[in-house]
J.: 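Here you go, one structure.
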Amino acid sequence: MLSRIADSLFWIGRYVERADGTARIVDVLRLQLLEDPAADEQTACTMVLRGIMGYDEVGEVDYEGTSRTLVFDTANPNSVTGSWHAARENARRARETVSTEMWEAINTTYHRFNSFTRGPATQHHLGWVRERSALVDGLADTTMSHDDAWDFLVLGRALERADMTARLVATGASDFGPGWGSVLASCGAQQAMLRTMRGVVTDRTAAAFLTLDRRFPRSVIAALREAEERLTVLSPDKDRVGFSDEARRILGQARTSLEFSNPDRVLHDLPDRMQEVQQAVVDASDAIGARYFMSAPVQEWTGEIL
């Protein structure tokens with residue numbers, strides 16, 4: 001497979017999941033402000049923009065301004081609109097590899113979302129983004145051959161999911177964050193957790209479910225494991241000592257540091273642990289790019305020296 005096609009597929013997976021994850025984070029903020037009239041809007045929005053999404057210069061901001069930045073800002077590649085635009089551009093570059101149904105879903109989503117009325121993000125905006133992201137994921141899984149192309153797409157999706165779930169968990173662990181019930185609902189994990197824990201929901205069990213549960217596909221552990229599995233399929237390990245795949249080593253260390261640590265210790269240091277996961281995703285993404293997507297320099301022809 002050409003490196004540029006693999007690169008585009010990897011980023012399709014990341015950007016579609018980023019649109020979904022960003023919509024979920026904004027939805028947690030929306031639910032927090034609706035359910036808690038005493039919540040300080042300025043503090044909650046600043047926490048999301050600076051503490052969770054990593055924006056340095058925030059200033060005075062309210063929910064409408066946060067919606068504008070994270071949902072509707074076309075110049076922001078990390079906003080929902082910017083993510084769908086980037087996903088569409090990458091799908092256009094890999095048009096001969098992605099299925100027709102998947103291309104049509106991404107293209108339609110981009111154009112239709114741009115036609116929505118701008119303003120404070122509502123349940124209609126955010127719920128529609130989640131539904132369309134699920135549609136694209138489902139079409140990728142059911143209309144593409146599960147070969148290297150699909151592996152790169154799912155690899156990108158798994159990395160971004162680990163990052164976004166870590167950010168959502170960090171909001172729940174924050175002193176100024178929403179309740180864990182809102183975080184669970186935005187992750188689509190409320191019913192799954194109620195069934196798993198048989199109705200016993202506490203802050204500790206909610207945090208543990210989203211972070212350490214091996215069977216819930218949106219948990220941090222499950223997303224990291226999925227990314228590792230895709231890397232293993234793309235480059236089966238033949239080394240007798242160590243790992244030649246730097247990205248797999250980074251993700252393996254991040255996963256095992258969570259999975260094999262005492263759960264109480266993980267949950268006690270949850271914000272720091274989630275920051276470590278986010279950094280591992282960044283480092284692994286760089287390692288994947290260096291291994292699979294680096295193109296050779298363009299050959300330049302010069303005149304013959306006589």
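This one's a predicted model, so the numbers in the text were calculated from it and none came from an experiment.
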J.: Verify side-chain contact (heavy atoms from CB on, under 4.5 Å) between Val48 and Leu70, making sure each step is shown before the conclusion.
T.: CA-CA 10 Å; Val48 169; Leu70 296 182; 3.9 Å; yes
J.: Return yes if some donor-acceptor pair links the side-chain N/O of Ser219 with the main-chain N/O of Leu212 below 3.5 Å, else return no.
T.: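 Such a contact is absent between Ser219 side chain and Leu212 backbone.
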J.: Is the backbone N or O of Asp141 less than 3.5 Å from a side-chain atom of His146, with the two atoms forming a donor-acceptor pair by type?
T.: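 Confirmed, His146 side chain pairs with Asp141 backbone.
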J.: Flag the pair Asp27 and Arg30 as a salt bridge only when some basic side-chain nitrogen lies within less than 4.0 angstrom of an acidic carboxylate oxygen.
T.: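 Between Arg30 and Asp27 there is a salt bridge, with a charged N closer than 4.0 Å to a carboxylate O.
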J.: Tell me whether Met144 is reachable from Leu234 by hopping between hydrophobic residues (I, L, V, M, F, W, Y) whose side-chain heavy atoms are closer than 4.5 Å.
T.: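 Yes, it is one cluster - the side chains of Leu234 and Met144 are joined through contacts under 4.5 Å.
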J.: Measuring from Ile12:CD1 to Arg93:CZ, what's the distance to the nearest 0.5 Å?
T.: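 Between Ile12 CD1 and Arg93 CZ, I get 9.5 Å after rounding to 0.5 Å.
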J.: So, for Thr69 and Asn76, which heavy atoms are closest and what is the spacing to 0.1 Å?
T.: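 Distance-wise, the nearest heavy atoms are O-ND2, 3.0 Å.
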J.: Scan side-chain atoms only and decide if Arg14 and Ser285 contain a donor-acceptor pair under the 3.5 Å cut-off.
T.: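 Side-chain D/A pair, Arg14 to Ser285: present.
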J.: Check this for me: does any side-chain nitrogen of one of Arg218 and Glu17 sit under 4.0 Å from a carboxylate oxygen of the other?
T.: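 Salt bridge present between Arg218 and Glu17.
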J.: With hydrophobic residues grouped by side-chain heavy-atom distances under 4.5 Å, do Leu9 and Phe293 end up in a single group?
T.: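 Yes, it is one cluster - the side chains of Leu9 and Phe293 are joined through contacts under 4.5 Å.
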J.: Check Ala280 against Ile250 and note the closest heavy-atom contact, atom names and distance.
T.: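 Smallest interatomic distance, heavy atoms only, reads O-CG2, 3.5 Å.
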J.: Is there a side-chain contact between Asp147 and Trp150 in this structure, where contact means two heavy atoms from C-beta onward sitting under 4.5 Å apart?
T.: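 Result yes, sub-4.5 Å side-chain heavy-atom pair found.
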J.: Can you list the steps and then say if Arg255 with Glu228 is a salt bridge (Lys or Arg N to Asp or Glu O under 4.0 Å)?
T.: CA-CA 9 Å; Arg255 177 183 58 80; Glu228 283 185 79; 2.3 Å; yes
J.: Considering residues, nucleotides and ligands other than His268, do more than 12 of their heavy atoms fall under 6.0 Å from its NE2?
T.: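 Not more than 12 within 6.0 Å, no.
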J.: With side-chain contact (heavy atoms from CB on, under 4.5 Å) as the test, would you mind laying out the steps for Tyr15 and Arg88 before giving the verdict?
T.: CA-CA 9 Å; Tyr15 280 122; Arg88 178 181 179 274; over 6 Å; no
J.: Is it the case that the side chain of Ser79 and the backbone of Asp73 share a donor-acceptor pair, with hydrogens and angles ignored and the cut-off at 3.5 Å?
T.: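 Checking the backbone N and O of Asp73 against the side chain of Ser79, a donor-acceptor pair under 3.5 Å is found.
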J.: Using modelled atom types and a 3.5 Å cut-off, is there a donor and acceptor pairing between side-chain atoms of Thr256 and backbone atoms of Gln253?
T.: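 Yes.
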J.: Taking His111 for its side chain and Thr108 for its backbone only, find out whether a donor-acceptor pair lies under 3.5 Å.
T.: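 Side chain of His111 to backbone of Thr108, a donor-acceptor pair under 3.5 Å: no, none is there.
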J.: Regarding Asp40 and Thr43, do their side chains bring together a donor and an acceptor under 3.5 Å, going by distance alone?
T.: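 There is such a pair (donor and acceptor under 3.5 Å, judged by atom type) between the side chains of Asp40 and Thr43.
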J.: Would you say that more than 12 heavy atoms from the other residues, nucleotides or ligands in this model lie under 6.0 Å from the CZ of Arg95, or not?
T.: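 Buried by this count: over 12 neighbours within 6.0 Å.
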J.: Can Arg230 and Glu226 be counted as an ion pair, charged N to O under 4.0 angstrom?
T.: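 Salt bridge: yes.
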J.: Is the distance from the ring center of Phe10 to that of Tyr292 below 6.0 Å?
T.: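 No, the ring of Phe10 stays outside the 6.0 Å limit from the ring of Tyr292, centre to centre.
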J.: Which heavy-atom pair separates His125 from Thr117 by the least distance, and what is that distance?
T.: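 Minimum heavy-atom contact is NE2-O, 3.2 Å.
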J.: Dump the intermediate steps for ring pair (Phe, Tyr, Trp, His ring centres under 6.0 Å) on Phe116 and Phe72, then the final yes or no.
T.: CA-CA 9 Å; Phe116 285 173; Phe72 299 114; 8.5 Å; no
J.: Is there a donor-acceptor pair under 3.5 Å between the side chain of Thr22 and the backbone N or O of Ala19?
T.: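 Not at all, since once roles are kept as given, no pair shorter than 3.5 Å links the two residues.
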J.: Could you check whether any side-chain N or O of Asp36 sits under 3.5 Å from a backbone N or O of Gln32, counting only pairs where one atom can act as donor and the other as acceptor?
T.: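 No; zero donor-acceptor contacts below 3.5 Å.
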J.: Passes side-chain contact (heavy atoms from CB on, under 4.5 Å), Asp56 versus Arg50? Steps please.
T.: CA-CA 6 Å; Asp56 295 328; Arg50 180 179 296 166; over 6 Å; no
J.: In plain terms, say whether Arg249 and Asp245 are close enough for a salt bridge, that is, a side-chain N and a carboxylate O under 4.0 Å apart.
T.: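 Looking at Asp245 together with Arg249, the answer is no, because their closest N to O distance does not fall below 4.0 Å.
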J.: Show the numbers, then the answer: is there a side-chain hydrogen bond (donor to acceptor under 3.5 Å, both in side chains) between Gln191 and Arg195?
T.: CA-CA 6 Å; Gln191 290 182 332; Arg195 289 182 57 201; over 6 Å; no
J.: Do Asn114 and Trp84 have a side chain donor and acceptor closer than 3.5 Å?
T.: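 The criterion, which ignores hydrogens and geometry beyond distance, is not satisfied for Trp84 and Asn114.
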J.: Could you tell me whether the side chain of Gln42 and the main chain of Gly59 form a donor-acceptor pair under 3.5 Å?
T.: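 Answer holds: yes.
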J.: To the nearest 0.5 Å, what is the distance between OG1 on Thr97 and CG on Leu2?
T.: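 Result: 8.5 Å between the selected atoms.
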J.: Tell me whether Met197 is reachable from Ile221 by hopping between hydrophobic residues (I, L, V, M, F, W, Y) whose side-chain heavy atoms are closer than 4.5 Å.
T.: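 Yes, it is one cluster - the side chains of Ile221 and Met197 are joined through contacts under 4.5 Å.
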J.: Is it true that Leu33 and Leu49 fall in one hydrophobic cluster, defined by side-chain heavy atoms closer than 4.5 Å?
T.: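 Yes, one cluster joins them.
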J.: For residues Arg204 and Pro263, report the shortest heavy-atom separation together with the two atoms involved.
T.: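 Looking at all heavy atoms of both residues, the shortest contact is NH2-CB, 4.2 Å.
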J.: Check for a donor-acceptor pair, side chain of Ser235 on one end and backbone N or O of Thr232 on the other, with a separation under 3.5 Å.
T.: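 Such a contact is absent between Ser235 side chain and Thr232 backbone.
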J.: As an exercise, state the distance from CH2 of Trp128 to OG1 of Thr122, rounded to the nearest 0.5 Å.
T.: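 With rounding to 0.5 Å, CH2 (Trp128) is 12.5 Å from OG1 (Thr122).
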J.: With the side chain counted from C-beta on, respond yes when Leu251 and Arg248 share a heavy-atom pair under 4.5 Å apart, and no when they do not.
T.: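 The answer is no; the side chains never approach within 4.5 Å.
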J.: I would like to know whether Leu267 and Asp203 meet side-chain contact (heavy atoms from CB on, under 4.5 Å); could you show each step before the answer?
T.: CA-CA 10 Å; Leu267 298 177; Asp203 290 352; over 6 Å; no
J.: How long is the gap from CD on Glu101 to CG on Leu135, to the nearest 0.5 Å?
T.: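 Going from CD on Glu101 over to CG on Leu135, the span is 10.5 Å.
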J.: Tell me if a side-chain donor or acceptor on Asp269 pairs with a main-chain N or O of Asp272 at a distance below 3.5 Å.
T.: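 Checking the backbone N and O of Asp272 against the side chain of Asp269, no donor-acceptor pair under 3.5 Å is found.
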J.: State, without any angle test, whether Ser257 and Glu276 hold a side-chain donor-acceptor pair at a distance under 3.5 Å.
T.: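 The answer is no; no qualifying pair exists.
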J.: Hey, could you give me the OG1/CE distance between Thr205 and Met193, rounded to the nearest 0.5 Å?
T.: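 So the OG1 of Thr205 and the CE of Met193 are separated by 3.0 Å.
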J.: Once rounded to the nearest 0.5 Å, what's the spacing between atom CZ of Arg130 and atom SG of Cys187?
T.: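 Answer for the CZ-SG pair, Arg130 versus Cys187, is 10.0 Å.
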J.: If you take all heavy atoms of Thr143 and Ser99, which pair is closest and at what distance?
T.: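 What the structure gives for the nearest pair is OG1-OG, 2.7 Å.
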J.: Decide whether Ile5 and Leu231 are clustered together by the hydrophobic rule: side chain heavy atoms of Ile, Leu, Val, Met, Phe, Trp, Tyr closer than 4.5 Å, transitively.
T.: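 Yes, one cluster joins them.
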J.: May I ask you to check whether Tyr55 and Asn78 show a side-chain donor-acceptor distance below 3.5 Å?
T.: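 Distance-only check fails for Tyr55 and Asn78.
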J.: Is the closest side-chain heavy-atom distance between Val220 and Leu210 below 4.5 Å?
T.: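 Val220 does not reach Leu210 side chain to side chain.
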J.: Looking at Ala284 and Ala247, what are the two nearest heavy atoms and their distance?
T.: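 Scanning both residues completely, I find the closest heavy atoms to be O-CB, 3.7 Å.
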